[in-house]
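Computed from a prediction, not measured in an experiment: that's the story for all the values here. In what follows, chains carry the letters A, B, and so on, assigned in the order in which the sequence lines appear, proteins first and then strands, with residues in each chain numbered from 1.
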Protein chains: 2
Amino acid sequence: MARTQGSHSDITGPRIREAALGLFARHGYAAVSMRQIAGEVGVQAGALYNYTPDKQSLLFRLMRDHMQDLLAAYEELEQFDDPQDALRQFVGFHIRFHLQRPDEVFIAYMELRNLTPENFTEIEALRRRYEDSLESILRIGQQSDQFSVTDTKIATLAVIAMLNGVITWYRSGGRLSLDEVEQVYWDMVRKAVTA
Amino acid sequence: MARTQGSHSDITGPRIREAALGLFARHGYAAVSMRQIAGEVGVQAGALYNYTPDKQSLLFRLMRDHMQDLLAAYEELEQFDDPQDALRQFVGFHIRFHLQRPDEVFIAYMELRNLTPENFTEIEALRRRYEDSLESILRIGQQSDQFSVTDTKIATLAVIAMLNGVITWYRSGGRLSLDEVEQVYWDMVRKAVTA
DNA sequence: GTCTATACTAAGATAGAC
DNA sequence: GTCTATCTTAGTATAGAC
């Protein structure tokens, strides 16, 4: 018979994280109970509190780590001088990164309102940093007349909104390959910001 | 002293709807309690059940009515033969309609997963009908070579995703007028789908 | 139609045994 | 580190008085 007690600190922590990630993404933070999370991990609810001070921290850490991973991955990319190259890279990076982490992305967009004010401020700052990196590409391209957008801030938000739409419908193994999806979106983004 | 009892059937119903709308939009369906809604209306929680069989119906009716209003308003518009005219009209209509009803729109996008399966199916069908009206504009324009998109279905979703981004940042009285916003987005959409 | 009161269930979190 | 047990609060929904 499987033991029901004992020490598993090194595996339980990650499993709690995984379970919370999946459940929050599927049902929403507010609709998920600590007991559900515990059930998925295979421990009792009380045991979760050896790993997190409370439910809010579980959400916050998922979101913060996701945003930090996103920024770190983006900032490691090759730097292009040509804004068109940089934009193409951004589009490809954004689509691939987000499709690899659908649950994290979903949570990052849907659960902002369930963060405490302090936590919200911190996540917003990270999100803002990412948006700014796209806006600076558009601004440089605008100054060199390679791009033609009425408003770089709005164009930034419009491009990101458009790209985020991918995760609502893309399924790997579907009609289009990842390369094709990337190509289709790059085509639309390029045309939208060009004269 | 204000009376705390009595008949108010004609005003309480709409007020419950308003309160639920605002609270669901702000905090999310799962995070809002019937007591909170009742508190906002100024009645006791039990009184809500004279107007709705349960909390789920409150959500479902808000979403269904919103989608029906959207479709009815769109279908009343002038029919254009030229796909470019039709697309321009769609962009303007979508932005204006959505900015006039930010709470309904927010709920319609965020709370799909909190619908029962039957209710979800019904809302999805309505949403699909709306998307199809845009796709048919793009398809006609594609056939006449006025538009050039790799895939009309993806282009449809991309355009709607881009336009929906407006409601996350637009505030009336802000830097740009509604006409200017409409113009900026029309400019991007037109270019994105044109050769 | 609304109130008070409550049945019933479940939530987040903690205490102490093992 | 996990379990069982429990505290405390709050949820949806209903019953019956007014």
Inset, instruction - Measure the CD1-CD distance between B:I160 and B:E131 for me, rounded to the nearest 0.5 Å. - result: 4.5 Å
Inset, instruction - May I ask you to decide if the ring planes of A:Y185 and A:W169 are parallel, tilted or perpendicular, using 30° and 60° as cut-offs? - result: parallel
Legend entry - Which atom of A:I16 lies closest to which atom of A:V41, heavy atoms considered: CA-CG2, 3.7 Å
Inset, instruction - Indicate yes or no: does B:R96 engage B:E182 in a salt bridge with an N to O separation below 4.0 Å. - result: yes
Legend entry - Rounded distance (Å) that lies between atom C1' of D:dC3 and atom OH of A:Y51: 13 Å
Legend entry - Backbone N/O of B:F90 and side chain of B:H94: donor-acceptor pair under 3.5 Å: no
Inset, instruction - Using only side-chain N and O atoms of B:Q44, determine if any of them is under 4.0 Å from OP1 or OP2 of C:dT4. - result: yes
Legend entry - Reported CE-to-CG distance for the pair A:M63 and A:L58, which is rounded to 0.5 angstrom: 13.0 Å
Legend entry - Distance in Å, A:Q84 CD paired with A:I140 CD1, rounded so as to fall on 0.5 Å steps: 14.0 Å
Legend entry - d(CZ, B:R15; C1', C:dG1) in whole Å: 14 Å
Inset, instruction - In whole angstrom, give the distance that lies between atom CG of B:L48 and atom P of C:dT2. - result: 9 Å
Inset, instruction - Answer yes or no: does a side-chain N or O of B:T12 lie under 4.0 Å from OP1 or OP2 of C:dG1? - result: no
Legend entry - A:N50 CG to C:dC18 P, straight-line distance once rounded to whole Å: 18 Å
Inset, instruction - For DNA chain C, produce a single dot-bracket line, 5' to 3'. Pairs: Watson-Crick or G-U wobble, both distances under 3.5 Å. Symbols: ( ) within strand, [ ] crossing, | other strand, . unpaired. - result: ||||||||||||||||||
Inset, instruction - Assign a letter to each nucleotide of nucleotides 8-14 of chain C from its 5' end: B, base within under 4.0 Å of a protein heavy atom; S, sugar-phosphate only; -, no contact. - result: ---BBBB
Legend entry - Side chain to side chain, A:I137 and A:F147, heavy atoms closer than 4.5 Å: yes
